[in-house]
Amino acid sequence: MSDRNKEDNADAYARFVQEGDAHYRGLRLKEALAVYQSAADVRPDGYEAQLGVARTLTRMRRQDDAFAAAETLVAMDPDRWEGHASLGTLYFLSDQYDEALSSLQRATELGPEEPEPLFTLAQVYADLERHGEAQRALEEGRKHLSQLRGEVAGPMEAFGLHAEIYVCLAAGREAEATELAQRLVRMRDVNPHAAALAYSNLGVLAANSRNLDQAVEYLEEAYSISPYLHLAGRTLGTILVVRRDFERAVAVLGSVVENMPSPDGSTRYVYGVALANSKRRREAEAQFRMALQSGLRGMNRLVAWWQMVWQSIWGRYFVIAVTLAAVVVWLVFGHPQPQTLAAVVLVILFLGLQRFLQRRRR
């Protein structure tokens with residue numbers, strides 16, 4: 001390759017990485033991934049492009065692909081801290097704490113002045129209820145944060161605030177966490193992802209205190225900023241189902257299921273409930289079936305099985321036929337008293353009237 005071609009490739013690579021970084025910071029993740037991959041095509045050995053791919057896949061919650069990208073980073077240059085920090089973040093998000101600690105501690109050794117792995121390490125310690133070590137990691141990260149300059153300083157300050165909120169919540173300091181989260185949402189322009197996480201935390205806190213109106217407002221804000229915050233979306237959808245706002249619940253949960261690489265059984269179950277109450281029976285039946293296949297457990301498994309039968313037109317006819325047959329058998333062989341028959345008729349009339357009124361309200 002001529003020197004001119006090499007120079008052109010270097011310029012194209014730098015432009016792609018710069019453009020990918022801008023998309024990543026703005027949470028335009030599909031665009032970021034495409035541009036980073038274009039950079040990697042120009043320079044397959046480019047560390048910055050591969051780092052962008054790994055971080056973007058992590059933020060999109062595509063865990064398997066993100067792990068592969070992070071492992072490629074470590075193989076490309078095992079002496080750079082970023083690859084180990086990327087792996088540590090993924091291990092943390094998948095609750096593999098021993099591996100997370102090992103990777104993040106290695107990242108801090110290779111990048112002793114970097115606050116990012118320390119802030120993630122603080123969150124790992126918080127989950128392990130090692131609150132003293134979590135606080136020390138936070139304080140050390142803040143010390144290094146003061147040395148940052150340029151465009152990375154603001155986003156990293158916001159990430160540090162998120163880590164502090166996480167540590168406060170793990171320690172049960174909810175009032176302090178709420179105050180910090182209110183501060184963090186005002187940094188939305190600096191770090192939209194951290195702001196979305198703050199809105200999500202505020203939504204969960206509001207839901208726990210039974211302030212569902214406030215919870216919906218916060219969670220809608222979180223999910224509108226980042227549709228890859230699947231937990232926030234599922235919590236929002238669940239609250240909307242509880243409040244019988246089924247159409248909005250269908251919209252939110254449908255988006256969650258679409259964006260999740262592998263939707264879990266509980267998410268599909270709640271989505272199925274929303275669809276069933278919106279009279280979208282075939283779609284509901286499909287979601288209940290997939291929820292059962294995903295390993296749904298407990299009472300929800302029994303309800304999902306029943307709903308899968310009930311949402312099917314033939315299943316519904318079968319249930320009605322069996323019920324009518326049982327009533328006939330009872331009438332013929334049970335010899336019920338007139339008072340019992342009258343009570344049954346009243347119950348049927350009451351249920352019919354209740355259903356009629358519900359339809360009128362819709």
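Throughout, numbering of the chain's residues begins at 1 and tracks the sequence. Please read all numbers here as calculations on a predicted model, not as lab measurements.
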What is the distance from atom CG of Leu51 to atom CD of Glu82, rounded to the nearest 0.5 Å? 6.0 Å
Between Thr56 (side chain only) and Val53 (backbone N and O only), is there a donor and an acceptor less than 3.5 Å apart? no
Heavy-atom distance under 4.5 Å between the side chains of Tyr223 and Ser255, does that happen here? yes
Sub-4.5 Å side-chain heavy-atom contact between Thr72 and Met76: yes
Does the salt bridge (Lys or Arg N to Asp or Glu O under 4.0 Å) test come out yes or no for Arg289 and Glu285, once each step is laid out? CA-CA 6 Å; Arg289 180 179 292 106; Glu285 180 189 353; 3.0 Å; yes
With hydrophobic residues grouped by side-chain heavy-atom distances under 4.5 Å, do Met187 and Leu202 end up in a single group? no
For Asp189, is the CG atom crowded, meaning more than 12 foreign heavy atoms sit under 6.0 Å from it? no
Ion pair present between Arg55 and Glu116, side-chain N to carboxylate O less than 4.0 angstrom? yes
Any side-chain to backbone donor/acceptor pair from His162 onto Ala195? Under 3.5 Å, distance only. no
Rounded to the nearest 0.5 Å, how far apart are CZ of Arg268 and CE of Met290? 4.0 Å
Taking everything shown except Asp64 itself, do over 12 heavy atoms lie less than 6.0 Å from its CG? no
Value for CD (Glu157) from CG (Leu184), rounded to nearest 0.5 Å, stands at 9.5 Å
Arg28 with Glu19: basic N within carboxylate O range, under 4.0 Å: no
Any side-chain heavy-atom pair from Gln63 and Leu93 closer than 4.5 angstrom? yes
Between Arg142 and Glu164, does any NZ, NE, NH1 or NH2 come within less than 4.0 Å of an OD or OE carboxylate oxygen? yes
Do the side chains of Met156 and Val190 get nearer than 4.5 Å, heavy atoms only? no
Calculate, to the nearest 0.5 Å, the distance between atoms CG and OG1 belonging to Leu121 and Thr89 respectively. 10.5 Å
Looking only at atom types and distance, does a side-chain atom of Ser103 sit under 3.5 Å from a main-chain N or O of Ala100, one as donor and one as acceptor? no
I'd like to know if Asp45 pairs up with Arg43 as an ion pair, taking the criterion as any Lys NZ or Arg NE/NH1/NH2 lying under 4.0 Å from an Asp or Glu carboxylate oxygen. yes
May I have the step-by-step check of side chain to side chain contact (heavy atoms under 4.5 Å, CB included) for Leu138 and Phe119, ending in yes or no? CA-CA 6 Å; Leu138 270 180; Phe119 289 145; 3.9 Å; yes
Run Thr58 and Leu90 through side chain to side chain contact (heavy atoms under 4.5 Å, CB included) and show every step you take. CA-CA 7 Å; Thr58 299; Leu90 286 162; 3.5 Å; yes
Between Ser200 and Tyr218, is any pair of side-chain heavy atoms under 4.5 Å apart? no
Mind checking whether Phe159 and Leu145 sit in one hydrophobic cluster, side chains of I, L, V, M, F, W, Y counted as touching below 4.5 Å? yes
From CA spacing to verdict: side chain to side chain contact (heavy atoms under 4.5 Å, CB included), Leu73, Ser86: CA-CA 9 Å; Leu73 272 178; Ser86 297; 4.1 Å; yes
Measuring only between side-chain heavy atoms, which start at C-beta, is Asp213 closer than 4.5 Å to Arg243? yes
Which distance, rounded to the nearest 0.5 Å, do you find between the CG of Asn201 and the CG of Leu180? 10.5 Å
Can any side-chain N or O of Ser102 pair as donor or acceptor with the backbone N or O of Asp98 at less than 3.5 Å? no
Can you tell me if Tyr24 and Glu31 form a side-chain donor-acceptor pair at under 3.5 Å? no
Checking Arg59 against Tyr228: charged group under 6.0 Å from the ring centre and within 45 degrees of the axis? no
Check the side chains of Asp264 and Thr267 for a donor-acceptor pair under 3.5 angstrom, ignoring hydrogens and angles. yes
Report the distance from atom OH of Tyr166 to atom CG of Leu197, rounding to the nearest 0.5 Å. 10.5 Å
Report yes if the side chains of Arg248 and Val216 come closer than 4.5 Å at any heavy-atom pair, otherwise no. yes
For the pair Arg183 and Glu179, find out whether any cationic side-chain nitrogen is under 4.0 Å from an anionic carboxylate oxygen. no
If only atom types and distance count, is the side chain of Tyr47 paired as donor or acceptor with the main-chain N or O of Gly83 below 3.5 Å? yes
Just do the salt bridge (Lys or Arg N to Asp or Glu O under 4.0 Å) check on Glu113 and Lys143 with the steps written out, would you? CA-CA 9 Å; Glu113 303 300 318; Lys143 181 177 66 176; over 6 Å; no
Do Leu219 and Val252 land in one hydrophobic cluster if side-chain heavy atoms of ILVMFWY residues count as linked below 4.5 Å? yes
Side-chain (Gln50) to main-chain (Ala40) donor-acceptor, under 3.5 angstrom: no
All heavy atoms of Leu110 vs all of Pro78, minimum pair found to be CD1-O, 3.5 Å
Quick one: are Leu231 and Arg234 in side-chain contact, heavy atoms under 4.5 Å? yes
Any chance the side chains of Tyr125 and Asp127 put a donor and an acceptor closer than 3.5 Å? no
Would a hydrophobic clustering, with Ile, Leu, Val, Met, Phe, Trp and Tyr connected at side-chain separations under 4.5 Å, put Tyr269 with Val250? yes
Less than 4.0 Å between a side-chain N and a carboxylate O, is that true for Arg136 and Glu139? no
Which heavy atom in Ala54 sits nearest to a heavy atom in Ala70, and how many Å separate them? CB-N, 4.0 Å
Nearest heavy-atom contact between Ala122 and Val167 is O-CG2, 3.8 Å
Intermediate values then yes/no, side chain to side chain contact (heavy atoms under 4.5 Å, CB included), Leu275 and Gln287: CA-CA 9 Å; Leu275 287 166; Gln287 290 302 320; 3.7 Å; yes
Minimal non-hydrogen separation, Asn191 against Ala158, with atom names: CB-CB, 3.5 Å
Main-chain N/O of Arg25 paired to His193 side chain as donor or acceptor, under 3.5 Å: no
Strictly distance-based, threshold 3.5 Å: is any side-chain N or O of Arg186 a donor or acceptor partner for the main-chain N or O of Gln182? yes
Minimum heavy-atom separation for Ala126 to Ala134, with atom names? N-CB, 3.9 Å
Derivation and outcome, side chain to side chain donor-acceptor pair (under 3.5 Å), residues Tyr199 and Glu217: CA-CA 9 Å; Tyr199 275 120; Glu217 182 180 335; over 6 Å; no
Common cluster, Tyr36/Met60, ILVMFWY with side-chain heavy-atom separation under 4.5 Å: yes
Look at the aromatic rings of Tyr97 and Phe92 and report parallel, tilted or perpendicular, splitting at 30° and 60°. tilted
Here the pair of heavy atoms bringing Pro261 nearest to His230 is CD-NE2, 4.2 Å
